[in-house]
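Have a look at the structure below before the remarks.
Proteins come first, then strands; the chains are lettered A, B, ... in the order of their sequence lines, and each starts at number 1.
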Number of protein chains: 2
Amino acid sequence: MVNTPHCTEEKILEAAKKIFHRKGYDGTRMQEIADEAGINKALLHYYFRTKENLFNAVFQDAFKDIFSRLFLTVGSDDPLEEKLGKMINEYIGFLQKNSFIPGFILSEINQNPDKIIDVFHSVPVQPLFLYEKLRDSMRDARIENVDPRDLFINVLSMCIFPVVAKPLLKVIFNFSEKEYDEFIEKRKKELPEFIMNAITKK
Amino acid sequence: MVNTPHCTEEKILEAAKKIFHRKGYDGTRMQEIADEAGINKALLHYYFRTKENLFNAVFQDAFKDIFSRLFLTVGSDDPLEEKLGKMINEYIGFLQKNSFIPGFILSEINQNPDKIIDVFHSVPVQPLFLYEKLRDSMRDARIENVDPRDLFINVLSMCIFPVVAKPLLKVIFNFSEKEYDEFIEKRKKELPEFIMNAITKK
DNA sequence: ATTAGGTTTAACCATATAGTTTAACCAAAC
DNA sequence: GTTTGGTTAAACTATATGGTTAAACCTAAT
């Protein structure tokens with residue numbers, strides 16, 4: 001009772017994340033999660049009654065991770081240029097360390113689009129709020145020729161896609177693992193400039 | 001023997017695409033494909049011996065579709081600005097009509113990165129060639145401050161991500177299906193300008 | 001009319017998998 | 001030392017699923 005009450009639950013959750021993130025709901029076996037957590041299947045069902053329960057916990061966490069991290073960078077009160085720089089740097093950094101999460105979320109959402117709405121309520125920050133923060137700092141910076149929603153999506157695209165498509169892009173450009181990481185590192189520096197250029201009038 | 005020799009095979013392949021694209025390998029049932037094709041399971045295995053065979057055919061086709069379509073637009077000899085305009089317009093249009101393909105490819109590749117190399121040989125055009133064509137037209141347009149690979153990835157990101165993340169972005173911005181499509185339509189016009197701005201020196 | 005090949009039906013096999021159950025174990029709390 | 005609750009082991013259930021098989025059917029070509 002004192003031993004490992006919520007520690008085991010945590011262990012299970014970590015193991016479940018590792019497997020679910022890589023293999024998705026359908027590709028994941030409860031036995032594999034149990035093995036990864038170093039426990040047996042019975043205990044797995046003792047904590048999370050069903051596969052769906054466990055999956056929902058994992059999915060919700062992933063969703064929260066992605067959005068709360070985005071909030072930290074976009075939600076700040078910095079002026080636009082700094083905000084973009086921070087967002088791109090920190091967010092890409094976060095994505096690199098959690099490279100399976102965006103693909104996991106996107107593919108699960110495509111397979112079950114209705115599920116989003118439920119999960120959205122569990123996220124502490126409303127994404128629309130992020131857009132409003134971005135819109136305000138664009139107004140402050142006198143950027144008027146670009147729809148803030150477009151900018152939001154463009155920045156997100158250029159941060160997330162290279163992570164999601166990494167295995168593909170590596171092959172296309174003949175990058176080794178190390179070369180690709182260096183390439184991304186270079187991007188972190190150049191992307192803010194690319195974007196500021198794009199939205200600033202000549 | 002005359003009746004429907006390759007017509008049935010085609011029917012199966014179409015049905016398989018429909019299911020595989022939406023549900024991925026693990027989420028797909030052979031029975032469901034048979035139902036979708038209006039035939040029975042026995043005939044399915046008569047044409048494609050195994051699930052893996054059928055999947056490979058579908059995956060290879062998806063891969064070809066994505067890259068040959070990209071080739072049509074990026075591989076042209078138009079000057080940079082026109083090339084970008086065409087690419088963005090036509091490629092996004094293609095993606096809209098085949099909105100499950102990019103997500104399908106990305107998630108399957110993440111789950112089985114080794115498989116890419118095999119599939120790559122089946123693609124009629126080497127993707128590196130696309131990059132070279134882009135690099136050449138950038139040189140012609142005197143764009144020197146941007147790595148062609150970055151531009152390639154940025155354009156691809158901004159074309160593909162909004163399609164892959166559509167269910168998510170719809171919820172974030174409170175878009176109806178129709179509103180989202182109109183939003184994408186607007187993007188088609190504005191994206192080329194956004195990108196030309198980004199890479200042109202002030 | 002016979003043949004051949006696509007097609008159906010339906011039963012069948014082997015295996016995998018989510019989830020359950022039961023008995024036993026063990027360590028800490030009482 | 002007894003109780004309690006987390007934990008294990010192992011067997012088990014029910015079901016789903018990929019794949020096979022065999023017999024019969026139907027239609028067009030011969």
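B:Asn53 places its CG atom 12 Å from the C1' atom of D:dG19, with the value rounded to the nearest Å. Rounded to whole Å, atom P of D:dG18 lies 9 Å from atom CD of B:Gln31. At whole-Å resolution of the value, OH in A:Tyr25 and C1' in C:dT17 are 11 Å apart. One can place CD1 of B:Ile12 at 12 Å from P of C:dG6, the figure rounded to the nearest angstrom. Following rounding to the nearest Å, B:Met30 (CE) and C:dT15 (C1') show an atom-to-atom distance of 16 Å. Residue B:Lys23 contributes atom NZ, which lies 10 Å from atom P of D:dT17 at whole-angstrom precision. Atom CD in A:Glu32 sits roughly 14 Å away from atom P in C:dA16 (whole-Å rounding). Nucleotide C:dT17 holds its P atom 12 Å from the CD1 atom of A:Ile33, rounded to whole Å.
OP1 or OP2 of D:dA16 has not a single side-chain nitrogen or oxygen of B:Arg29 nearer than 4.0 Å. At D:dT20, one or more side-chain N or O atoms of B:Arg49 fall inside 4.0 Å of OP1 or OP2 (strictly under the cut-off).
Electrostatic pairing of B:Asp147 and A:Lys186 counts as a salt bridge here, judged by a charged N lying under 4.0 Å from a carboxylate O. By the 4.0 Å N-to-carboxylate-O rule, B:Asp77 lies too far from B:Lys83 to be salt-bridged with it. With respect to A:Lys115 and A:Glu108, no salt bridge is recorded, no charged nitrogen being found less than 4.0 Å from a carboxylate O. Remark: A:Arg135 does not engage A:Glu132 in a salt bridge, criterion side-chain N to carboxylate O under 4.0 Å.
With no hydrogens or angles considered, a side-chain donor-acceptor pair links A:Asp35 and A:Gln31 at under 3.5 Å.
Nearest nucleotide to the A:Lys41 side chain, out of D:dG19, C:dG19, C:dG5: C:dG19. In this structure, of C:dG19, D:dT21, C:dT7, it is C:dG19 that holds the atom nearest to the side chain of A:Thr50. Among D:dG19, C:dT7, D:dT20, the nucleotide with an atom closest to any side-chain atom of B:Leu43 is C:dT7. Here the nucleotide nearest the side chain of B:Thr8, chosen from D:dG19, C:dG6, D:dT7, is C:dG6. For B:Tyr47, whose side chain is taken as the heavy atoms from C-beta onward, the closest listed nucleotide among C:dT9, C:dT7, D:dG18 is C:dT7. In this structure, of C:dT9, C:dT20, D:dA9, it is D:dA9 that holds the atom nearest to the side chain of A:Asn40.
A donor-acceptor pair under 3.5 Å is formed between the side chain of A:Lys51 and the backbone N or O of A:Thr28.
Closest of all the heavy-atom pairs between B:Ser137 and B:Asp78 is CB-O, 4.3 Å.
On a pure distance criterion of 3.5 Å, no polar donor-acceptor pair joins the side chain of B:Lys51 and the base of D:dG19.
Each end of the helix from C:dA1-D:dT30 to C:dC30-D:dG1 yields a helix axis from five base pairs, and these two axes differ in direction by 0° (to the nearest 10 degrees).
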